[in-house]
Amino acid sequence: MNKSRSAVILIQNDSVALIERHRLGRHYFAFPGGGVEPGETLEAAAAREAQEELGVTVEVMQRVIVVSFKDQLQHYFLVRATGGEFGSGQGEEYTQPSPEDGDYQPVWMPIADIPSCNILPAPVAALVVHAHRNGWPDKPLQVTESPENQ
């Protein structure tokens, strides 16, 4: 594993913040996040990505799941919004869009709708549904996601 990615799980009013994507003929939703920059902690990367992609500042509460995908570890953090305006992100995906990257649209999705939507990665979506009902794990879950599920 040589690359790391940090992402956020932001829940408010029984809905989760996601990025709706249309890319290469596919329609799906993803958790806001991105690559960890040199010298940046995983938690700092998650907070930065929430600001860039959602337009909100967050407090990182806990890491809840780590997904191993190809040559990358993806760290998902439960966060709480502390400021900003949802939907006002100014990351490069908004300021310098490219056709091959598709489009990005921050959305609130009711947790009850998650099972019927294409949300990637699927193990994180399943955890959100389960944990919202039953509580978050004490230690981060570790899962491996196969490319054919993406």
Item checked: Polar side-chain atom of S6 near backbone of L42 as donor-acceptor pair, under 3.5 Å -> yes
Next item on the list: Of all the heavy-atom pairs spanning G84 and T57, show the shortest one and how long it is.
Entry: N-OG1, 4.2 Å
Notebook entry, point to check: Does NZ or CZ of R21 lie under 6.0 Å from the centre of the six-membered ring of F29, at an angle within 45° of the ring axis?
Noted result: no
Check: Quick one: OG on S88 to CD on Q51, what's the gap to the nearest 0.5 Å?
Finding: 7.0 Å
Note to self: If you count heavy atoms of other groups shown closer than 6.0 angstrom to CG of N13, is the number above 12?
What the structure shows: no
Next item on the list: Taking all non-hydrogen atoms of both residues into account, name the closest pair between V16 and I111 and its distance.
Entry: N-CG1, 4.3 Å
Next item on the list: Nearest 0.5 Å please: distance from the CZ atom of R5 over to the CD atom of E49.
Entry: 7.5 Å
Checklist line | Spatial distance of atom CZ (R26) from atom CG (L120) [nearest 0.5 Å] | finding: 6.0 Å
Margin query: Minimum heavy-atom separation for R63 and P140, please, with both atom names.
Written below: O-CG, 3.5 Å
Check: Nearest 0.5 Å, what's the OH-CZ distance between Y104 and R23?
Finding: 6.5 Å
Notebook entry, point to check: Which pair of non-hydrogen atoms, one from P123 and one from I65, has the smallest distance, and what is that distance?
Noted result: O-CD1, 4.1 Å
Item checked: P115 and V129, any side-chain heavy atoms less than 4.5 Å apart -> yes
Margin query: If we ignore hydrogens and angles and just use 3.5 Å, is the side chain of Q62 paired with the main-chain N or O of P137 as donor and acceptor?
Written below: yes
Check: What's the shortest heavy-atom distance between P121 and Q74, and which atoms?
Finding: CG-OE1, 4.0 Å
Next item on the list: Would you mind reporting whether Q12 and V56 have side-chain heavy atoms less than 4.5 Å apart?
Entry: no
Item checked: Interatomic distance, S68 atom OG to E145 atom CD [nearest 0.5 angstrom] -> 10.0 Å
Next item on the list: Start with the C-alpha distance between V36 and T41, add both sets of side-chain angles, then the distance that settles side chain to side chain contact (heavy atoms under 4.5 Å, CB included), and finish with yes or no.
Entry: CA-CA 7 Å; V36 178; T41 66; over 6 Å; no
Check: Looking at side-chain heavy atoms only, is the closest gap between M109 and I119 below 4.5 Å?
Finding: yes
Next item on the list: Take Y76 and V128 through the test side chain to side chain contact (heavy atoms under 4.5 Å, CB included) and record every step on the way to the result.
Entry: CA-CA 11 Å; Y76 292 82; V128 169; over 6 Å; no
Check: Does one side chain, of H132 or D14, offer a donor that lies under 3.5 Å from an acceptor on the other?
Finding: yes
Notebook entry, point to check: Taking only residues at least two apart or on different chains, which pairs with a member in residues 28-41 satisfy salt bridge (Lys or Arg N to Asp or Glu O under 4.0 Å)?
Noted result: E37-R48, E40-R48
Next item on the list: To the nearest 0.5 angstrom, please state how far the CH2 atom of W108 sits from the CD atom of E20.
Entry: 15.0 Å
Next item on the list: Could you label the plane-to-plane angle of the H27 and H22 rings as parallel, tilted or perpendicular, counting under 30° as parallel and over 60° as perpendicular?
Entry: parallel
Margin query: Looking at every heavy atom in both A46 and A7, which two are closest together, and how far apart are they?
Written below: CB-O, 4.2 Å
